[in-house]
Each structure stands twice: as structure tokens, then as C-alpha cells.
Number of protein chains: 2
Amino acid sequence: MSLRDIARKIGMQPPSLYSYFDSKNAIYDAMYVQGCRQFVDGEPWDELTGEPLHDLRRLVEYFVRFCAAHPARYQLLFQRTIPGFEPSPESFAISQASLERVGHQLNRCGITDRRAIDLFSALGTGLADQQISNDPGGDRWIRLIDGAVEMFFDYMTKTTTPETPARGRRRR
Amino acid sequence: MSLRDIARKIGMQPPSLYSYFDSKNAIYDAMYVQGCRQFVDGEPWDELTGEPLHDLRRLVEYFVRFCAAHPARYQLLFQRTIPGFEPSPESFAISQASLERVGHQLNRCGITDRRAIDLFSALGTGLADQQISNDPGGDRWIRLIDGAVEMFFDYMTKTTTPETPARGRRRR
DNA sequence: GTCTATATTCTGATAGAC
DNA sequence: GTCTATCAGAATATAGAC
């Protein structure tokens, strides 16, 4: 989508956009902020129960469904595949804060391994990525979320605190 | 990169490319095939030992390192993010065959769950994706491969064949 | 604030000579 | 097979009138 297309969609002439944005990348940055806000505003924090497996599933499910529902935003926010664009520091800070909240939630679930957040994010991104690339509009990888999170939780609660009694674990 | 850039790089004039390819997408398709071949040719099948955890780690490590070393190919082959392009059926079949070999390898490792290949691919893609997006040139997610594969293997050998005695499992 | 008009550069692609 | 010449259109961006 070009500036022409944007302008036409909102009933403007292309040059008029420059009254609002300095450049095309400035528009991308605004969209980045908007996308972050939209993602953060929908985060299901108030739907968490304190039951680790349930809560982590909710987080991953929210992320994957968001990405699958808005693949262009997924590309803009999480893939960094738009040629000349990278978000401004202020904009990037918003998504950083969101990631940190996920880290804190992992801690609250008894997962303190320092690599946990990286592995967790890789798992979520992988599910979203495959869902978008190989089954757009479907739910083939969305249906794997519960199992994937269980896999992650089992592994993390075993290797980091092997002496801790299993909490809230379920099979299937 | 435009057709002009390609032509200049190989010391040709842009129109001469059309003696070899019908369109820009035809070039993409040839690159897709070339990328598939390159990936397949380097697959470490002859380095597998029969020890499930080792072999699966080798496969994932090869995939992630390939993607991290060739991010443009990663985008072309596995991300499908190039605007007007999708591979021709003949080209796509090559990558399909590669994925099927991974599925057979999972079977050989005693993993027969039908969702295993999807979860495995999501895990590999997620690691590659995060590595490229958030630590290009580094190894932050590459270092997670061993743990991630162990997590996957443990989960798959437990949930699908819970009565099977653990084979080749190691901690850390 | 929004417009018309336009600059400049790049894009993929074609015609036709050699 | 490769070239020169060129097309038709799209891209981002600017100047200046209303």
C-alpha cells in the first residue's frame, strides 16, 4: 500500500498527508504505536486466574490470535520485515514494556529461568508464524497452543525447580 | 533489489534478463528452487547417529543456522512475505519433500503424534525468527536449541507413549 | 488544511536493431 | 543473445495557490 492508496482511502490527495506526517516512515511509526496500543489494550491480564498453565495458555492464545487476525500488524510489530523501517526508540519502548510484563507473569508462574522468556517468545512467534504462513484463516496451529504451553511449562518447572512439586499440571 | 540491480550486478542490461526469465516472479521462483536445493543439499542426514535427542537437535540447529545465515532466503522460502510471489507447484513440492523427511525422522525417533511435525516446525521457525529479528548476527536463540529440542522430545515421548521407558534422555 | 501541479526517480516490461 | 531506446505507470516528496 502506497501513500496514494492511503490518501485515496481517506478521501485525500497524497500531498495532504504531509501535513500530518513528515515521511512514509513516520506513518509506519504511528502505525507501529497504534498496533502496540491495540495489542496492549487487549491483553487479557484481568482474565488470569493464578493457575499457571491456564494463564500462560491465555497469554499465548491472545498473542497468536492477534497475529493471525492482523497479519499485517504482525509483520510490522514483530517481524521487522518492512524494508526501510524501524520503530523510533519511544515506540519500541512500548513493545518492550509488554514483553517485560510477560516475563513477570512467567515469574509469577514459578518460572525464573533466565532463558524462559526467550524460549517462550520463540514458541509463541513460531506458532503465530506457521499459522499465518501455512494456514491463513484456519486454526491448525492455534489448536496446538494448549499442548505447546503445557510442554513449555512442564519443561520449565522441571529443569529450573526440579524439587518443586508439580502445580496445576494436567495431562490433555 | 530490482531487475536493474540484478542486471547491473551480472554485467547485463535489464532487458536481457527477459531472455532467461519471463517475469520478475519467474526469477523469484528460480531463486526459490535454488534456495530449496541449497537447503536440502546441506541437510545433515549422514551426521545422524540414531540417538533421538542428538539427531533432532542436529536437524533444528541446521535449520536455524541456515535461516540465520541467509535471512533473505529465509524470507523467500519460509516466510512468504514477498508481495506478489508464491512458488509454482513444482517448486513448492521440493520443500514439501524436505518437510516430509523431517516427519519420517520424528517417527524414527519414536514420535508418532500427528501434531508433532507441526509443533516441531513451529518451534524451529520460532527460534529462527527470533534469532533473525532480535539478535541478527548473534546466537542468543541458537543457544536455546538444545534445551528447546529436549523440551519437545520429553513432551512427545511422554504424551504419546507414556509407558515407553525414557530413551536417551539427558538433563542439561 | 487541503488542494492542484509537478519534480524526480524508480519500477517491470516491450520493440526492434545488430 | 545482447544491445539501445523507450514505454507506461508508480513511488515519495515539494512548491505554491486557495
Side-chain angles (χ1 to χ4, degrees), chain A residues 1-39 67 70-95 132-134 136, chain B residues 1-39 67 70-95 129 132-133 136:
Chain A
M1 171 154 298
S2 65
L3 298 184
R4 269 180 167 70
D5 298 325
I6 297 173
R8 188 154 33 81
K9 282 230 175 189
I10 60 176
M12 265 186 179
Q13 293 299 319
S16 302
L17 295 173
Y18 284 84
S19 328
Y20 300 91
F21 303 98
D22 288 339
S23 67
K24 189 187 183 185
N25 276 348
I27 297 179
Y28 276 137
D29 203 59
M31 292 170 70
Y32 184 91
V33 171
Q34 190 180 55
C36 280
R37 295 250 164 80
Q38 186 183 356
F39 180 82
C67 295
H70 312 290
R73 276 204 176 93
Y74 170 68
Q75 214 174 328
L76 179 67
L77 296 179
F78 306 114
Q79 288 288 102
R80 304 293 184 77
T81 184
I82 287 154
F85 169 73
E86 66 178 63
S88 63
E90 311 89 84
S91 308
F92 185 59
I94 302 175
S95 66
I132 292 171
S133 296
N134 298 323
Chain B
M1 171 156 298
S2 64
L3 297 184
R4 271 176 165 72
D5 297 326
I6 296 174
R8 187 154 34 83
K9 281 229 178 192
I10 60 177
M12 265 185 175
Q13 293 297 320
S16 302
L17 295 173
Y18 284 84
S19 325
Y20 301 90
F21 303 97
D22 290 338
S23 66
K24 188 187 183 185
N25 276 349
I27 298 180
Y28 277 136
D29 203 59
M31 290 169 69
Y32 183 93
V33 171
Q34 191 182 53
C36 279
R37 294 249 163 81
Q38 187 183 356
F39 180 81
C67 295
H70 312 290
R73 277 205 174 91
Y74 170 68
Q75 212 174 330
L76 179 67
L77 296 178
F78 305 115
Q79 288 289 103
R80 304 294 185 74
T81 183
I82 286 153
F85 170 71
E86 67 178 63
S88 63
E90 312 89 85
S91 309
F92 185 61
I94 302 175
S95 66
D129 193 89
I132 292 171
S133 297

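Per chain, numbering begins at 1; letters A, B, ... match sequence-line order.
When ring centroids are compared, F78(A) and F39(A) come within the 6.0 Å threshold.
Heavy-atom minimum distance, C36(B) versus I94(B): CB-CG2, 3.7 Å. The two residues L3(B) and Y18(B) have their closest heavy-atom pair at CD1-OH, 3.3 Å.
The shortest distance between the side-chain N/O atoms of S16(A) and the OP1/OP2 oxygens of dG1(C) is not below 4.0 Å.
Separating the CG atom of L17(A) from the P atom of dT14(D) is a distance of 13 Å, rounded to the nearest angstrom. Atoms CE (M12(A)) and C1' (dG1(C)) sit 8 Å apart, rounded to a whole Å. Look at CD on Q13(B): it is 15 Å from C1' on dG12(C), rounded to the nearest Å. In this entry the distance linking CG of D5(B) with C1' of dG12(C) reads 13 Å, nearest Å.
Nucleic acid contact class of S2(A) (heavy atoms, under 4.0 Å, all strands): sugar-phosphate only.
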Could you encode protein contacts along nucleotides 13-18 of chain C as a string, one character per nucleotide from 5' to 3', using B for base contact, S for sugar-phosphate-only contact and - for no contact, with a heavy-atom cut-off of under 4.0 Å? BBB---
Can you give the donor-acceptor pairs under 3.5 Å from side chains of residues 80-87 of chain A to other protein atoms, not counting sequence neighbours?
| unit_1 | atom_1 | unit_2 | atom_2 | d |
| --- | --- | --- | --- | --- |
| T81(A) | OG1 | Q75(B) | NE2 | 2.8 |

Do any side-chain atoms of residues 8-16 of chain A form donor-acceptor pairs under 3.5 angstrom with protein atoms, and if so which ones, sequence neighbours left out?
| unit_1 | atom_1 | unit_2 | atom_2 | d |
| --- | --- | --- | --- | --- |
| R8(A) | NH2 | D5(A) | OD1 | 2.8 |
| S16(A) | OG | Q13(A) | O | 3.4 |

Run the side chain to side chain donor-acceptor pair (under 3.5 Å) check on S95(B) and Y32(B) step by step: do they pass? CA-CA 9 Å; S95(B) 66; Y32(B) 183 93; 3.1 Å; yes
